[in-house]
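Working notes, structure below.
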Amino acid sequence: MWIRECALAILGLASGTAIASAIFALIVKLGILPRLAAWTKTTNDMKIYENCILLGGTAGNLVTLFNFPLPVGIVGQVILGIFFGIYIGCFYMALAEALHAIPVLMRRTNIKKGAGTILLCMALGKAAGAFLYFFFNWGS
């Protein structure tokens, strides 16, 4: 019985590591991290960015695999949610910019003005959807 559990643990760790490595490879290949650092004018801190992404991916893998709780309370959950949202938003926008998705969208829809307003509405819609999902359990 314990051999099976050890094999499953090794398989789970290996699978999570492979997926995390693929995401890291995507971030590196598309040049998202240097673009994000250039936007924030913090290119001198690239080592910090790289270490944070590596540690965050490893911590996320371990928390998901071993499913242990993080006793941070409701205030900690709100703060962590804000930080996670900022990260995901920056990541998606850097990914969209790296893939030139926004200019293609503007060109194909024939939109000449108001790109900033459209992006703001997209972000507010995403925030409203997350609010409804988490606070009113609309996803359940």
Side-chain angles (χ1 to χ4, degrees):
M1 182 66 107
W2 65 272
I3 295 175
R4 179 178 173 202
E5 290 177 10
C6 287
L8 287 174
I10 291 170
L11 181 65
L13 252 170
S15 300
T17 303
I19 291 170
S21 299
I23 290 173
F24 296 153
L26 176 72
I27 290 170
V28 169
K29 182 68 176 166
L30 293 178
I32 292 171
L33 198 58
R35 289 174 194 263
L36 186 60
W39 280 352
T40 58
K41 296 178 180 43
T42 55
T43 53
N44 294 334
D45 300 326
M46 286 297 291
K47 288 275 190 207
I48 294 173
Y49 282 134
E50 292 168 355
N51 289 335
C52 287
I53 287 178
L54 182 64
L55 291 173
T58 303
N61 192 10
L62 292 174
V63 167
T64 303
L65 183 62
F66 295 115
N67 200 18
F68 56 86
L70 297 174
V72 293
I74 191 70
V75 175
Q77 289 178 2
V78 169
I79 292 170
L80 285 173
I82 289 170
F83 283 133
F84 293 162
I86 290 170
Y87 170 76
I88 295 296
C90 287
F91 180 77
Y92 283 165
M93 288 310 295
L95 181 62
E97 195 271 333
L99 297 175
H100 304 293
I102 305 300
V104 170
L105 173 72
M106 296 299 139
R107 188 172 48 250
R108 291 203 178 168
T109 56
N110 229 3
I111 296 175
K112 304 293 183 208
K113 295 181 183 177
T117 305
I118 291 171
L119 288 175
L120 178 64
C121 289
M122 289 169 65
L124 291 174
K126 179 73 173 164
F131 180 77
L132 291 172
Y133 178 82
F134 288 113
F135 290 110
F136 296 113
N137 293 325
W138 279 24
S140 302

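Numbering of residues begins at 1 and proceeds along the displayed sequence.
A single hydrophobic cluster is not seen to contain both Val72 and Ile82; linkage of ILVMFWY side chains at heavy-atom distances under 4.5 Å, directly or through other members, places them apart. Criterion: ILVMFWY side-chain heavy atoms under 4.5 Å apart, direct or through other members. Under it, Leu80 and Ile74 are not part of a common hydrophobic cluster.
Checked against side chain to side chain donor-acceptor pair (under 3.5 Å), Thr43 has no partners two or more places apart in sequence or in another chain. Residues meeting the side chain to side chain contact (heavy atoms under 4.5 Å, CB included) test with Thr40, sequence neighbours left out: Thr42, Tyr49.
One distance of note links CG of Leu55 with CD1 of Ile48; it measures 12.0 Å at 0.5 Å rounding. Expressed to the nearest 0.5 Å, how far CG of Leu8 lies from CD1 of Ile3 amounts to 12.0 Å.
Residues Ala37 and Met46 come closest through the heavy atom pair CB-SD, 3.5 Å.
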